[in-house]
Enquirer: 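Structure below; questions to follow.
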Amino acid sequence: MVVKYNPQQIEPKWQQRWAQDQIYATREDNPRPKWYEMTMFPYTSGNLHIGHWYAMAPSDVHARFKRMQGYNVLHPMGFDAFGLPAENAAISHGIHPFIWTMQNIENMRRQLKSMGTIYDWNREVTTCLPEYYKWTQWFFLKLHEAGLAYRAKSAVNWCPRCQTVLANEQVVEGGFCERCGTPVIRKDLEQWFFRITSYAEELLDMSKIDWPERVKMMQRNWIGKSEGIEISFGIDYQNIAEKEIRVFTTRPDTIFGATFLVLAPEHPLVLSLTTPEHREEVEEYILRARRQTEIERLSTEREKSGVFIGAYVQNKLNGERVPLWIADYVLLTYGTGAVMGVPAHDERDFDFAKRFGLPIRLVIAPPGWSGDELSQAYVEPGIMANSGQFDGLPSNVGKEAIADFMENQGYGKRTTSYRLRDWLISRQRYWGAPIPMIYCDHCGIVPVPECDLPVFLPPDAEFKPSGESPLKYCPSFVNTTCPRCEAKAQRETDTMDTFMCSSWYFLRYTSPGYHQGPFDPEKLKYWLPVDQYTGGAEHAVMHLLYSRFFIKALRDMGIVDFDEPFIRLFNQGTIVVQRQKMSKSRGNVITPDEYVADLGADAVRAYLMFIGPWDQGGEWDDSGIIGISRWLNRVWNLVLRGQETTFPEHSADPGATKELPRFTHKTIKKTTSDMERFRFNTQLSALMEFTNYLTKVLEARAVDQSYWHEARDCLLLLLAPTAPHLAEELWIRTGHPYSIHQSSWPEWDEELTLEEQITLVVQIDGKVRDKVVVPASITEAEAQQLVLSRDRVKSFLKDKEVTKTIFAPKKLVNLVTK
RNA sequence: GCCGAGGUGGCGGAAUAGGUAGACGCGACGGACUUAAAAUCCGUUGAACCUCAAGUUCAUGCGGGUUCGAGCCCCGCCCUCGGCACCA
């Protein structure tokens with residue numbers, strides 16, 4: 001009898017040993033090629049759940065695989081430690097956010113260590129520590145210097161519950177706060193923005209990154225590029241200085257169908273253009289529009305609303321007078337905040353015109369149009385009509401012709417509009433990196449000098465139940481002196497969006513202890529960009545877009561010399577419980593700890609990889625984990641029983657002696673290619689099949705000792721990334737030198753994987769009727785002859801005539817009859 | 001509404017230059033071991049017909065099509081998940 005597999009005993013033992021020997025400490029003076037593989041760092045919520053492990057364990061396996069393949073691998077871990085939950089804990093439980101966060105980190109670090117990962121803890125990064133946020137602030141100053149950070153007043157998304165503004169990206173499902181689900185309202189506030197829109201065009205260029213199509217598409221949609229033209233409509237009122245209103249459109253070919261013009265209610269020209277008899281109605285409408293929540297305003301089900309303001313503008317192409325309306329379906333923040341209403345060829349304008357009885361004039365004829373009135377807007381291309389000299393042109397030709405004409409006449413100019421808005425980074429909260437700016441009555445807005453960084457968070461701030469920003473009411477923080485004139489001045493009390501912290505953490509991992517800058521330039525040069533990034537797709541338009549912007553901005557400032565932060569990206573799917581995402585607030589959190597205590601970390605790691613394709617995620621169901629545990633037990637018993645078994649020096653069974661190396665090399669090949677493609681589930685099936693086969697070999701004892709050793713060693717090496725503890729223990733017990741994790745990934749010999757015999761399938765009229773084992777090299781003629789001589793085949797061909805024979809080499813013969 | 005991904009046994013899922021559908025695992029059933037149970041090991045397991053065997057037929061969301069041959073390709077639907085959603 002062999003000793004029992006006992007993960008509870010061997011796992012902590014090896015974890016200690018590896019930590020003590022620092023075998024996962026990463027150095028830059030390693031001659032191997034570098035490989036920087038990261039997974040998104042976790043928010044410090046307190047406990048890692050099975051969803052976190054689903055993200056982290058397979059990425060650790062992949063990093064280990066690259067390591068065994070001969071790369072110098074950096075696979076670091078850190079903590080995204082600023083954010084609202086810490087502050088909410090302070091308000092409701094009276095515990096300081098710093099204490100709350102650091103306690104959580106301690107627990108999470110313990111959990112991460114129990115997973116058996118190769119994280120180099122010397123490189124841990126925690127965003128809420130002054131040594132980190134000092135540099136977050138430094139980057140803010142750099143962006144400010146470069147003109148990419150600015151302060152502006154605008155209508156922003158405000159969450160009344162969180163008492164803070166939100167970025168557009170943080171408003172979900174038609175107007176709710178991403179974090180707490182409260183309906184978001186509009187508020188006019190002075191806020192700090194980053195000019196991400198300056199990079200809109202370059203962010204659309206994804207030629208240098210190897211990312212999932214899905215994420216690239218989400219980013220493209222979010223940036224929302226559209227090419228069109230800004231068209232000037234004339235204003236002729238003596239008491240108004242403005243002489244034009246510009247609208248943005250992608251359909252200049254429809255301009256002859258413009259029967260009205262609509263401004264956003266907040267458009268700056270609205271009040272001056274409103275005639276006295278419409279003033280009251282217009283002012284009321286504007287007020288109502290402003291009071292609406294985002295949900296109401298964004299609802300597409302709602303009937304169109306709007307009011308006529310009494311003024312007219314002139315369509316310069318046909319000289320027509322066009323009435324001017326305001327309506328909340330026009331957004332101030334997109335294009336010019338004004339649109340021409342072409343009801344015949346735009347669904348929204350059609351609804352609007354129907355509602356208010358405005359004329360609908362067809363200018364693009366649908367194919368086969370009989371002259372009937374339209375029952376809905378016709379938005380497809382067609383032949384132009386009612387369009388003066390452009391009549392008869394196909395609309396896509398007319399589009400360019402009209403645009404050219406307008407540019408020549410000075411009526412318009414081609415432009416590009418983006419849906420993307422600048423990134424709002426101010427948060428009216430305590431637990432974030434303070435924005436390093438000072439307000440001086442004499443000098444205006446003054447940046448904190450670099451030498452005064454960091455601007456520390458005051459430990460004595462008071463957390464009010466109302467949820468208002470504690471910094472605002474903390475005199476020791478607010479009151480300061482102007483760095484320029486030394487007069488009394490006030491600090492900015494807003495802190496930065498935590499996405500700012502995560503936009504550069506992958507730079508800090510290279511040199512977390514560095515004091516002269518955010519990173520050691522030499523080390524950065526060695527490691528960056530990140531070769532492989534893994535994480536959830538929920539960050540597609542937030543973290544992943546912000547980080548790309550950040551790196552491009554730093555590149556233009558000369559701080560880094562590459563264009564993209566993450567060369568390859570892989571999105572794992574989401575683990576759900578009763579079809580819902582796992583989260584503390586939903587109370588459906590499954591922790592890995594009990595499973596680890598019960599079956600071992602190796603079993604949990606492997607099970608998460610086995611449940612399905614990694615990018616698919618799925619419902620959490622632990623009923624299959626026992627299968628993984630049994631398999632690891634079988635591996636254990638197999639290897640140790642092999643130690644007690646005497647194999648012949650020269651086996652008498654040539655079949656088995658051939659088959660074992662073939663099976664071994666086929667398994668290496670399959671496992672390697674699956675690893676490369678993150679196909680962990682099929683990789684494990686292959687290892688299980690290999691185990692099952694080796695069990696039979698062991699029972700028969702029909703192979704040479706040396707063949708057995710080679711096969712067994714391969715199994716352990718292939719298993720090492722997935723089940724690092726078990727593999728190490730068995731590696732040592734089979735007499736190998738420590739450590740398996742410093743051994744090389746096995747390579748296969750293509751020659752050895754080739755089958756000598758195959759099963760030839762015999763089909764008659766496409767149906768499988770017979771199977772015959774033949775040499776793999778069989779020719780068509782040989783196969784045909786062999787097949788026709790089979791009794792089974794003969795009986796099926798009775799009374800039939802073969803008209804055609806299909807031969808697929810190494811696969812099948814299909815006899816087609818009349 | 002638009003864009004993307006996906007619908008395969010009781011369950012998770014395999015299988016794509018179109019070539020044996022259901023690998024691997026769970027569960028279930030039967031057996032061995034055990035005083036018994038657990039654990040472990042061995043066998044069976046898509047459905048229907050057939051007394052057994054041999055065998056036949058049907059089966060990859062639905063309906064058509066292409067092909068010697070379709071889970072895979074084409075056309076038209078249905079459903080699930082993810083994203084966007086008055087962006088002019």
Side-chain angles (χ1 to χ4, degrees), chain A residues 4 172-174 212-222 224-226 228 247-251 254 262 264 297-302 304 327-331 333-342 345-349 351-352 417-421 537-538 540-541 571 573-574 576 579 606-607 610-613 615-628 630-631 633-634 637 679 681-692 695 758-771 792 802-817:
Chain A
K4 220 171 153 274
V172 296
E173 289 169 30
E213 211 39 60
R214 190 166 51 120
V215 176
K216 291 199 282 189
M217 203 191 53
M218 281 162 73
Q219 293 205 349
R220 270 186 226 115
N221 286 346
W222 190 261
K225 176 178 180 170
S226 35
V247 302
F248 174 76
T249 183
T250 56
R251 293 293 305 274
T254 65
V262 193
R297 180 153 178 176
L298 290 175
S299 167
T300 46
E301 259 88 278
R302 198 176 53 131
K304 291 270 180 295
D328 62 8
Y329 80 90
V330 176
L331 307 174
T333 45
Y334 184 77
T336 60
V339 302
M340 61 181 196
V342 185
H345 306 293
D346 182 283
E347 280 167 34
R348 299 151 297 181
D349 298 344
D351 292 347
F352 193 76
S417 280
Y418 300 92
R419 189 185 162 280
L420 181 72
R421 308 288 149 78
E538 67 273 18
V541 295
N571 284 132
T574 313
V576 293
R579 312 178 106 205
Y607 181 58
F610 187 64
I611 49 183
D615 55 357
Q616 215 170 279
E619 183 74 22
W620 172 252
D621 172 7
D622 63 9
S623 64
I625 194 168
I626 186 69
I628 292 291
R630 281 179 197 149
W631 169 55
N633 261 293
R634 286 207 308 276
N637 291 328
R679 303 281 297 261
N681 54 331
T682 47
Q683 186 247 144
L684 287 184
S685 317
L687 289 183
M688 287 175 182
E689 284 180 85
F690 191 38
T691 309
N692 295 345
T695 305
I758 53 132
T759 302
L760 188 72
V761 172
V762 185
Q763 290 187 341
I764 293 170
D765 292 322
K767 295 193 170 173
V768 179
R769 295 303 186 189
D770 200 4
K771 292 170 188 179
R792 258 191 76 74
V802 176
T803 54
K804 195 172 166 188
T805 305
I806 310 282
F807 178 70
K810 297 190 181 183
K811 292 233 166 78
L812 60 66
V813 172
N814 188 8
L815 304 172
V816 185
T817 68

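Proteins come first, then strands; the chains are lettered A, B, ... in the order of their sequence lines, and each starts at number 1. No experiment lies behind these values; they were computed from the predicted model shown.
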Enquirer: A:M218 CE to B:C84 P: how many Å, rounded?
Expert: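 Rounded to the whole Å, the gap is 6 Å.
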Enquirer: Would you check if A:L684 and A:W631 make a side-chain contact, meaning some heavy-atom pair closer than 4.5 Å?
Expert: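 Side chain of A:L684 against side chain of A:W631, heavy atoms only: contact under 4.5 Å found.
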Enquirer: NA contact type, A:K811, heavy-atom cut-off 4.0 Å: base, sugar-phosphate, or nothing?
Expert: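 It contacts sugar-phosphate atoms only.
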Enquirer: Using atom P of each nucleotide, how far apart are B:U40 and B:U60 to the nearest Å?
Expert: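 36 Å, rounded to whole Å.
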Enquirer: Over how many whole Å does the gap from A:W620 atom CH2 to B:C11 atom C1' extend?
Expert: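 Spelled out: CH2 on A:W620 to C1' on B:C11 is 15 Å.
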Enquirer: From B:U20, B:A88, B:C68, pick the nucleotide closest to the side chain of A:T759?
Expert: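 The answer is B:U20.
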Enquirer: Indicate, with a heavy-atom threshold strictly under 4.0 Å, whether A:N637 touches base, sugar-phosphate, or nothing.
Expert: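 No contact.
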Enquirer: Among the candidates B:A88, B:G25, B:C68, find the nucleotide nearest to the side-chain atoms of A:D346.
Expert: B:A88
Enquirer: Using whole Å, what does the distance between atom P of nucleotide B:C3 and atom CD of A:E213 come to?
Expert: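 Nearest whole value for this atom pair: 15 Å.
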Enquirer: Please report the closest heavy-atom contact between A:V541 and A:M218, naming both atoms and the distance.
Expert: CG1-O, 3.6 Å
Enquirer: Nearest to the side chain of A:K767 - B:C24, B:G19, B:U57?
Expert: B:U57
Enquirer: Who does B:G27 pair with, Watson-Crick or G-U, both distances under 3.5 Å?
Expert: B:U45
Enquirer: Taking only the C1' atom of each, what is the distance from B:G22 to B:G12 in whole angstrom?
Expert: 13 Å
Enquirer: Identify which nucleotide among B:C3, B:U40, B:C68 has an atom closest to any side-chain atom of A:M217, counting heavy atoms from C-beta outward.
Expert: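 Selected nucleotide (nearest to the side chain): B:C3.
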Enquirer: Using Watson-Crick or G-U wobble geometry with both distances below 3.5 Å, tell me the partner of B:G69, or none.
Expert: none
Enquirer: Sticking with atom P, work out how far B:G71 lies from B:A15, rounded to a whole angstrom.
Expert: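 16 Å, rounded to whole Å.
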Enquirer: A:R769 side chain: which of B:G13, B:U57, B:U20 is closest?
Expert: B:U57
Enquirer: Have a look at A:I611 and say if it touches a base, only the backbone sugar-phosphate, or nothing, with a 4.0 Å heavy-atom cut-off.
Expert: sugar-phosphate
Enquirer: Considering every strand and a 4.0 Å limit on heavy-atom distances, what is the contact class for A:V816: base, sugar-phosphate, or nothing?
Expert: sugar-phosphate
Enquirer: Rounded to the nearest 0.5 Å, how far does CG of A:L815 lie from CG of A:D765?
Expert: 8.5 Å
Enquirer: On RNA chain B, check which nucleotide each of A:S623 and A:L420 is closest to and give me the residue with the more 5' one.
Expert: A:S623
Enquirer: Just how far, in rounded Å, is C1' of B:G13 from CD of A:E619?
Expert: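 Whole-Å distance recorded here is 15 Å.
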Enquirer: Using the C1' atoms only, state how far B:G30 lies from B:C81, rounded to an integer number of Å.
Expert: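 One C1' to the other, the span is 40 Å.
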Enquirer: Given B:G4, B:C86, B:U56, identify the nucleotide with an atom nearest to the side chain of A:D328.
Expert: B:C86
Enquirer: Is the shortest side-chain N/O distance from A:R630 to OP1 or OP2 of B:U40 below 4.0 Å?
Expert: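 Yes, A:R630 has a side-chain N/O under 4.0 Å of OP1/OP2 on B:U40.
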Enquirer: Distance check needed: B:G43 C1' versus A:N692 CG, whole Å only.
Expert: 14 Å
Enquirer: So with a 6.0 Å cut-off around CD of A:E538, is the heavy-atom count from everything else above 12?
Expert: yes
Enquirer: Using the C1' atom as the reference point in each nucleotide, state the distance between B:G76 and B:U66 in Å, no decimals.
Expert: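 Each nucleotide's C1' atom is 15 Å from the other's.
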Enquirer: Are A:K804 and B:C68 close enough that a side-chain N or O sits under 4.0 Å from OP1 or OP2?
Expert: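 A:K804 to B:C68 OP1/OP2: side-chain N or O found under 4.0 Å.
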Enquirer: Could you work out which one of B:G12, B:G69, B:C26 sits closest to the side chain of A:I626?
Expert: B:C26
Enquirer: For B:U16 and B:A21, measure between their P atoms and round to the nearest Å.
Expert: 14 Å
Enquirer: Could you work out the separation of B:G19 and B:C74 based on their P atoms and round it to a whole Å?
Expert: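 B:G19 and B:C74 have their P atoms separated by 15 Å.
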Enquirer: For A:Q616, answer base if it contacts any base atom (sugar-phosphate contacts may also be present), sugar-phosphate if it contacts only those atoms, and nothing otherwise; contact means non-hydrogen atoms under 4.0 Å.
Expert: sugar-phosphate
Enquirer: Could you tell me which non-hydrogen atom of A:F248 sits nearest to which non-hydrogen atom of A:S226, and how far apart they are?
Expert: CZ-O, 3.6 Å
Enquirer: Counting heavy atoms from C-beta on, name the nucleotide in B:A88, B:G25, B:A14 closest to the side chain of A:F610.
Expert: B:G25
Enquirer: What distance do A:R214 atom CZ and A:Q219 atom CD have between them, rounded to the nearest 0.5 Å?
Expert: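 Separation between the atoms: 12.5 Å.
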Enquirer: Give a yes/no answer on whether the side chain of A:R214 brings an N or O atom under 4.0 Å of OP1 or OP2 in B:C84.
Expert: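 Answer no for this pair, as no side-chain N or O of A:R214 is under 4.0 Å from OP1 or OP2.
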Enquirer: Using a cut-off of strictly less than 4.0 Å, decide whether A:R679 has a side-chain nitrogen or oxygen near OP1 or OP2 of B:C24.
Expert: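 Checking A:R679 against B:C24: no side-chain N or O falls below 4.0 Å of OP1 or OP2.
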Enquirer: Atom CG of A:N633 and atom OG1 of A:T691: how far apart are they, to the nearest 0.5 Å?
Expert: 12.0 Å
Enquirer: So what's B:A53 paired with, Watson-Crick or G-U wobble, going by both distances under 3.5 Å?
Expert: none
Enquirer: With both distances under 3.5 Å as the test, what is the Watson-Crick or G-U wobble partner of B:G1?
Expert: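 Checking every strand shown, B:G1 finds its partner in B:C84, with both distances under 3.5 Å.
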Enquirer: Rounding to a whole Å, what distance do you find between A:I806:CD1 and B:G19:C1'?
Expert: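 Taking CD1 of A:I806 and C1' of B:G19, I get 11 Å after rounding.
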Enquirer: My understanding is that a pair needs two contacts under 3.5 Å, Watson-Crick or G-U wobble. By that rule, which nucleotide pairs with B:U35?
Expert: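 Matched B:U35 with nothing under the 3.5 Å cut-off.
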Enquirer: For A:S226, which contact category applies under a 4.0 Å heavy-atom criterion: base, sugar-phosphate, or nothing?
Expert: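 The residue A:S226 makes sugar-phosphate contact but no base contact.
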Enquirer: Checking only heavy atoms, does the side chain of A:N221 share a donor-acceptor pair with the base of B:C84 at less than 3.5 Å?
Expert: no
Enquirer: Do A:T333 and A:R421 get their side chains close enough for a donor-acceptor pair, meaning under 3.5 Å?
Expert: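 On atom types as modelled, these side chains qualify, holding a pair under 3.5 Å.
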Enquirer: Considering all heavy atoms of both residues, which atom of A:K771 and which atom of A:T759 are nearest to each other, and what is their separation?
Expert: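 Heavy-atom minimum between the residues: CB-CG2, 3.9 Å.
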Enquirer: Which nucleotide, B:A23, B:G25, B:A88, lies nearest any side-chain atom of A:S685?
Expert: B:A23
Enquirer: Using purine N1 to pyrimidine N3 plus N6-O4 or O6-N4 for Watson-Crick, or N1-O2 and O6-N3 for G-U wobble, each under 3.5 Å, what pairs with B:C77?
Expert: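 Partner of B:C77: B:G61.
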Enquirer: Of all the nucleotides listed (B:C84, B:G19, B:C24), which has the minimum atom distance to the side chain of A:A808?
Expert: B:G19
Enquirer: Taking B:C33 as the reference, what is the distance to B:A39 when you measure between their C1' atoms (whole Å, please)?
Expert: 11 Å
Enquirer: Tell me: CG of A:L687 to P of B:A23, nearest whole Å?
Expert: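 One finds 18 Å between P of B:A23 and CG of A:L687, rounded.
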Enquirer: Apply the syn/anti split at 90° from 0 to B:G12 and say which one it is.
Expert: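 It is anti.
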Enquirer: Closer to the 5' end of RNA chain B via nearest nucleotide, is it A:P613 or A:N633?
Expert: A:P613
Enquirer: Rounded to whole angstroms, how far apart are CD on A:Q219 and C1' on B:G82?
Expert: 16 Å
